[in-house]
Amino acid sequence: MYRYDVIDREFLADRSAEFRENVTRRLAGEITEDQFKPLRLMNGLYLQLHAYMLRVAIPYGSLDSRQMRGLAAIARDYDKGYGHFTTRQNIQFNWVRLGQAPDILDALAAVDMHAIQTSGNCIRNVTADPYAGATAEEVDDPRVWSELIRQWSTLHPEFSYLPRKFKIAVTAAPKDRTAARVHDIGLVLRRGRDGGLGFEVIVGGGQGRTPYVGPTIAEHLPAGRLLSYLEAILRVYNRHGRRDNKFKARIKILVAALGAEEFKRQVDEEWSRIDGALADAPDTELARIRGAFTPLAFETLPARSEAFEAARAADPAFARFVRNNVKAHKKPGYAIVEISLKAPGQTPGDASAEQMEVVADLAERYGLDDIRVTHEQNLVLPHVKLDDLPTVFAALRTAGLGTPNIGLISDIIACPGLDYCALANARAIPIAQSIARRFEDQDRAELIGELKIKISGCINACGHHHVGNIGILGVDKKGEEFYQLSLGGSGQEDASIGKILGPGMNAEQVPDAIDALVDTYLAIRQGDERFLDTVRRVGFAPFKEAVYADAH
Amino acid sequence: MPTLISLKDGVYAAAENVFADVGDEEAIPAAGPVILSLARFQAEGDALLGAGRSVGVRIQPDEAVEDLAYDLPRLALVALVFPRYADGRAYTSARLLRQRLGFRGEVRAVGDVLRMQAGFMVRCGFDSFVPADGSTPEQWAHAAGRFRHVYQRGADARAPVFEERS
């Protein structure tokens, strides 16, 4: 965890005071909604279908137990006892009253948290690899760079009124768990041949109504030059991004219109005019941030744990959990544990206050006080001893958090959809629930293996349907909800945008269609290829036939 | 007349607007300081400056401040237009005027200029403001100065947090 210092805390206190003052003015009628809106929107407060929704930033998805308990308390005191973890590693509270928002911000500030720039046309909360600091794959800790970007982008005077929202993802591992290639900027940290750290800079990816896999405009930007290069990109975008049509205002449209080469030329030209000595962070600050992450007291352990092996042999449920939810850690004797927020019948990403507290307790007792949120709307305990895994699993299972389905067909991303969102055309959550119930049989789910289903309730694609192996898009057709299936998308290092399979269908037909797709895959897959690999190898024909033959 | 607030040596005060804001269709007054559009300035600016007049230029968000590079030493003022508060291009224009082009004259925020944005404007190098929301100098100063710390370098003189910390 990055530990706040006095300066970080005073900054949040000032922000809270600003917000409270303006809410008071708004409620007293001294300022109009139009005048209040810019501040409200830069503080994550949306007016939704039923109430205000407050989106709280979880910078790069990283929390400690104290913060998780803070979120649980807010869920209990100001919401209906739960919160919703989002695809941007944030948490949303859906039942907030405007008058209470300042108190919530104070409660957040008390645990070094905030809602700054979780909405508005500004640089949003930076996301990063949820396995940061735990996986052996990474060349450096992406949280250090993410925190640098968080600070640089916080109330940035020049870049707070961009043409549209702006999302940055950072990873330092070859396996991409951040969907870097479908972000406004994706940063992939690598070591160069000379041993120096550098970023691959991907710009202009995105989802929404015009999905793109972003092009790379710098192969190996020296890591120390990151902020000046970001400044150059943002300046070109701020000046030249479209402002006449909000659907064409994201940077991806500018990059596509200019072409990646011309965009890169403009960025490089702008960059050459920026004085790096002023714009880049000094090495001392980077070192300070690195040092402000709590050093973790890893024990020296044998790679093999007898307690763990015994439990795995004796308890098939535990063995299943280990197969699906437990990942390799860089330290011998430790593991990364994913906690699924996708129990069958649940709303993807929802957690109750009690569940948050269970996770906080486990992190504190068994997890070096570290918790992560993934962009796939699950939680992670990144540092658990193998010896403690059976105990941790038992506690998770008791709390309804033991679902062993990470990466499997029922580990579905879904946006809030028509149940909550003012923009949605169709429901998303009930579709996710009906698919999860259809594939409740864990043996079958494991047999199917990695299959990512992503559901959006409208074209804005908050449920990432474009990058689902199976994507489901809800549309409104003459007042009726219809669902369009797409195949072949991926948000990982092999990123691609899925293509529409065929005509839409109604909600009841969706689980049958998924069944047909899965049966087809199981019948024709070769070796251990994933669903996505099979689709890429054979194309759409057999899948199309199966789905639409069944539908007749 | 809307209030004009000026920032000098860290103090916000009501100021008298001595400039006539001349539209493209209007005749240029015979005497006194004037603000012209970029196109009009490019056509008629030399003559006015040659006659010893004080001249400012009004820059729209889609116009490049770099086009003024050679004229800046002779200009008294650049007015940057916010057609809507959400149009953030003028922030870049202001920063470039100050940091890249070294402009030392007045940089004025005009248009949909709201107190909520005061801090951003000051940090980008604006030093005069025509608020559209009726803000007083005191209210403007309060809004612009509410943060004790800033996380990044701007066009103002404030030390970013990493300098405070070192």
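Chain naming here is simple, since letters A, B, ... match the order of the sequence lines and numbering starts at 1 in each. This one's a predicted model, so the numbers in the text were calculated from it and none came from an experiment.
At a 4.5 Å heavy-atom cutoff, the contact between A:Arg25 and chain B is made by side-chain atoms alone. For A:Arg273, the parts sitting under 4.5 Å from any heavy atom of chain B are the backbone and the side chain alike. Heavy-atom distances place the side chain of A:Arg150, and not its backbone, under 4.5 Å from chain B. Looking at A:Asn121, there are no atoms closer than 4.5 Å to chain B (heavy atoms on both sides), in backbone or side chain.
Two residues are said to be in side-chain contact when any heavy atoms from C-beta on lie closer than 4.5 Å; A:Leu227 and B:Gln152 fail this criterion.
Contact detail for A:Asp5 and B:Arg165: the closest heavy-atom pair is OD2-NE, 2.7 Å. The two atoms that bring B:Phe120 and A:Ser160 nearest to each other are CE2-OG, 3.4 Å, heavy atoms only. Nearest heavy atoms, A:Asn22 versus B:Arg146: ND2-NH2, 4.0 Å.
Contact count versus chain B (heavy atoms, under 4.5 Å) is highest, among A:Leu39, A:Leu278, A:Leu234, for A:Leu278. Most heavy-atom pairs under 4.5 Å with chain A, from the set B:Thr92, B:Asp62, B:Asp133, B:Val150: that is B:Thr92. When each of B:Leu114, B:Leu96, B:Asp87 is checked for heavy-atom pairs under 4.5 Å with chain A, B:Asp87 comes out on top.
For B:Gln117 and A:Tyr161, the side-chain atoms include at least one donor-acceptor pair closer than 3.5 Å.
Note that CZ of A:Arg239 and OG of B:Ser93 are 5.5 Å apart. Values are rounded to the nearest 0.5 Å.
Screening residues 263-283 of chain A for ring-ring contact (aromatic ring centres under 6.0 Å, His included) gives A:Tyr229-A:Trp271 as the qualifying pairs, with residues at least two apart or on separate chains. Within the structure, no pair that satisfies the salt bridge (charged side-chain N to carboxylate O under 4.0 Å, His left out) test touches residues 11-20 of chain B, not counting sequence neighbours. Screening residues 143-166 of chain B for ring-ring contact (aromatic ring centres under 6.0 Å, His included) gives A:Phe11-B:Phe147, A:Phe11-B:Tyr151 as the qualifying pairs, with residues at least two apart or on separate chains.
Looking at A:Asp275 and B:Arg153, no side-chain N of the basic residue comes within less than 4.0 Å of a carboxylate O on the acidic one, giving no salt bridge. At a threshold of 4.0 Å, the pair B:Arg148-A:Asp14 counts as salt-bridged, since one of the basic side-chain nitrogens sits closer than that to a carboxylate oxygen.
Contacts between residues 64-75 of chain B and chain A, counted as heavy-atom pairs separated by less than 4.5 Å, involve B:Ala64, B:Val65, B:Glu66.
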B:Arg89/A:Arg243 under side chain to side chain contact (heavy atoms under 4.5 Å, CB included): CA gap, chis, key distance, verdict: CA-CA 10 Å; B:Arg89 287 176 285 185; A:Arg243 290 176 187 266; 3.5 Å; yes
CA sep, side-chain torsions, deciding dist, call: A:His156, B:Arg123, side chain to side chain contact (heavy atoms under 4.5 Å, CB included): CA-CA 9 Å; A:His156 195 291; B:Arg123 297 224 60 221; over 6 Å; no
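Of the possible polar contacts, none joining the A:Glu18 side chain to the B:Met116 backbone as a donor-acceptor pair under 3.5 Å is found. No side-chain donor-acceptor contact under 3.5 Å links B:Arg95 to the backbone of A:Glu158.
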